[in-house]
Each structure stands twice: as C-alpha cells, then as structure tokens.
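Read through the structure below, which is laid out as structure tokens, and then see the notes.
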Amino acid sequence: MSDILTESFYRSHDRKVNWLLRCFTDLVYPLLRYGIMLDLNSRFSEQTPCYACLVATHATNKSQAIASLEICMRYVPTKPHHQFWLGRTMQQYPYIFNLAVHPQWRRRGVAKQLLLAAEKTVKQWGFSHLYMHVLEDNQPARSLYDDIGYRLHDQENSLNHWLLGHPRRFLLQKNF
C-alpha cells in the first residue's frame with residue numbers, strides 16, 4: 001500500500017514536469033515510501049473504533065494491492081463556507097482520505113468501487129454523511145465524485161492559493 005500511495009501522491013506522470021524535479025523525486029522516493037509505511041503501520045496498530053482501510057486487489061493475484069482508501073472520524077464544519085456569518089461550528093463525521101489507485105489501474109472503476117464500499121462501511125457504523133477533500137484542479141476525481149453524488153460543502157481559501165496560485169481544497173459531502 002505504501003507503494004500505491006507514494007506513486008499516486010509524489011510521482012507525476014505528466015511529461016511536462018520539470019526534469020530536475022523528477023530526478024529529485026526519484027532520489028527521495030524510498031524515503032517517502034518508508035515514511036508512508038511507518039504512518040500506515042501506526043494507524044493499523046491503533047484500536048480506533050471508526051477507522052477502516054479498504055484495499056482493492058488484482059483479480060487474479062489477491063496479494064497484489066491496486067488501490068486503497070482510508071476512512072476515519074474528522075472534524076468538519078457543520079455549515080458551508082457561504083454561511084460563515086452563522087458561526088463556524090465543527091462536528092466529527094466519517095471522512096475519506098488517502099484514496100489512491102495505482103496509475104496502471106486508473107479509469108477502470110476501481111475508485112468508484114472503493115467509494116461505494118466506504119459508503120456501505122459508514123452506514124454500518126450508523127452514519128448518514130460522508131466527507132472528503134479534493135483539489136480543485138483534479139478534474140477526473142471531481143467528475144467521479146460528482147457522478148456518484150458528492151456535493152461541494154466548503155472550500156478552503158488559503159494563503160497558498162492567494163499568494164502562490166496553488167489549487168484550493170474543496171470539501172465534498174454525500175448524504176445517504
């Protein structure tokens with residue numbers, strides 16, 4: 001799983017990426033992967049009641065992971081950003097994070113199946129809301145999430161967005 005997460009979040013498969021940046025990423029890749037592995041191991045060893053890690057495996061080789069996602073409880077704003085004048089109260093809800101599909105297996109419905117399984121898990125926990133973040137420039141993910149019913153709940157307007165032009169994070173919500 002650490003390979004999938006590292007490959008998905010730290011390697012760019014865009015040919016336009018700076019050659020020097022690609023070389024640097026290749027150089028530190030083992031350290032990134034090791035750090036992610038330690039982080040995963042610490043979450044797996046905790047006895048948290050509302051935590052799940054869902055893994056999709058290869059159809060013929062069940063020991064080969066091709067995608068994963070994690071669910072935990074996180075504080076999210078109870079009112080959307082445009083209702084800021086009503087106050088910003090936070091409440092814990094199930095939250096999807098680290099959804100990653102190995103590049104070789106993208107665009108085949110794997111992420112959709114993991115998301116549907118996550119919804120089933122959250123329903124078994126007794127919840128009717130599920131949240132996740134997506135970057136505003138990640139159009140393939142935003143399209144998938146929209147297709148299966150996730151809607152914009154809030155958006156972050158950070159200094160990184162205003163000063164450096166980094167994409168904003170959109171907080172999505174699905175009710176079931």
Side-chain angles (χ1 to χ4, degrees), residues 1-17 22 25 29 32-33 35-44 46 48 50-77 80 92-156 161 166-176:
M1 280 187 38
S2 60
D3 280 332
I4 294 169
L5 291 169
T6 311
E7 187 73 28
S8 294
F9 296 130
Y10 294 103
R11 280 223 170 119
S12 176
H13 298 277
D14 183 2
R15 292 184 180 173
K16 299 175 189 173
V17 170
R22 189 179 303 231
T25 303
Y29 186 88
L32 292 169
R33 189 173 138 247
I36 289 172
M37 183 186 68
L38 292 175
D39 192 37
L40 285 168
N41 284 338
S42 72
R43 281 198 299 279
F44 293 161
E46 293 175 3
T48 308
C50 289
Y51 169 81
C53 180
L54 307 179
V55 178
T57 59
H58 190 277
T60 58
N61 181 2
K62 296 294 182 191
S63 66
Q64 181 186 353
I66 60 171
S68 66
L69 74 67
E70 294 177 79
I71 314 164
C72 71
M73 298 299 288
R74 286 230 179 125
Y75 283 97
V76 296
Q92 277 196 333
Y93 284 101
Y95 178 87
I96 291 174
F97 67 107
N98 281 349
L99 172 57
V101 179
H102 190 279
Q104 179 182 345
W105 293 95
R106 291 181 183 159
R107 316 291 294 161
R108 298 184 187 194
V110 177
K112 181 178 182 178
Q113 293 303 314
L114 280 174
L115 289 166
L116 295 174
E119 292 172 17
K120 189 182 277 188
T121 301
V122 166
K123 285 178 189 174
Q124 290 172 348
W125 291 347
F127 292 95
S128 59
H129 301 290
L130 185 55
Y131 292 85
M132 74 169 80
H133 275 102
V134 65
L135 292 176
E136 76 177 310
D137 65 348
N138 188 345
Q139 200 55 50
R142 288 181 59 196
S143 178
L144 167 65
Y145 304 150
D146 186 57
D147 287 347
I148 60 173
Y150 286 86
R151 300 293 174 248
L152 180 65
H153 179 73
D154 200 6
Q155 63 186 17
E156 295 177 359
H161 171 69
H166 290 187
R168 292 175 294 188
R169 288 185 348 144
F170 293 157
L171 179 62
L172 305 180
Q173 174 190 27
K174 183 169 183 180
N175 301 325
F176 28 79

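Values in this document were obtained by computation on a predicted structure and should not be read as measured data.
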No-hydrogen, no-angle side-chain donor-acceptor test under 3.5 Å, Gln173 and Asn175: yes
Contacts under 3.5 angstrom, residues 113-123 side chains, donor-acceptor by atom type, not counting sequence neighbours:
unit_1, atom_1, unit_2, atom_2, d
Glu119, OE1, Lys174, NZ, 3.1
Glu119, OE2, Tyr150, OH, 3.4
Glu119, OE2, Lys174, NZ, 3.0
Thr121, OG1, Ala117, O, 3.0

ring-ring contact (aromatic ring centres under 6.0 Å, His included) partners of His133, counting only residues at least two apart: Tyr95
Closest non-hydrogen atom pair, Thr25 against Tyr10: CG2-O, 3.0 Å
Any donor-acceptor pair under 3.5 Å from Ser8 side chain to Leu5 backbone: no
Test item: Phe9 and Asn98 side chains (from C-beta on) under 4.5 Å apart, heavy atoms: yes
Ser143 side chain vs Gln139 backbone, donor-acceptor pair below 3.5 Å: no
Heavy atoms from other residues, nucleotides or ligands near CZ of Phe176 exceed 12 (cutoff 6.0 Å): yes
Test salt bridge (charged side-chain N to carboxylate O under 4.0 Å, His left out) applied to Arg169 and Glu156, step by step: CA-CA 5 Å; Arg169 288 185 348 144; Glu156 295 177 359; 3.0 Å; yes
Exam field: side chain Glu136 to backbone Pro167, donor-acceptor pair closer than 3.5 Å: no
Test log, rule salt bridge (charged side-chain N to carboxylate O under 4.0 Å, His left out), inputs Arg151 and Asp146: CA-CA 6 Å; Arg151 300 293 174 248; Asp146 186 57; 2.7 Å; yes
Considering all heavy atoms, the nearest Pro94-Ile71 contact: CB-CG2, 4.3 Å
Whether His153 side chain and Pro77 backbone form a donor-acceptor pair below 3.5 Å: yes
Where Leu135 and Arg142 come nearest, the two heavy atoms and their spacing: O-CD, 3.6 Å
Parallel, tilted or perpendicular: rings of His129 and Tyr93 (30°, 60°): perpendicular
Face-on cation placement of Arg74 at Tyr131 ring, 6.0 Å and 45° thresholds: no
Any residue meeting ring-ring contact (aromatic ring centres under 6.0 Å, His included) with Trp125, in chain and number order, not counting sequence neighbours: none
Flag, side chain of Arg106 to backbone of Val101, donor-acceptor distance under 3.5 Å: yes
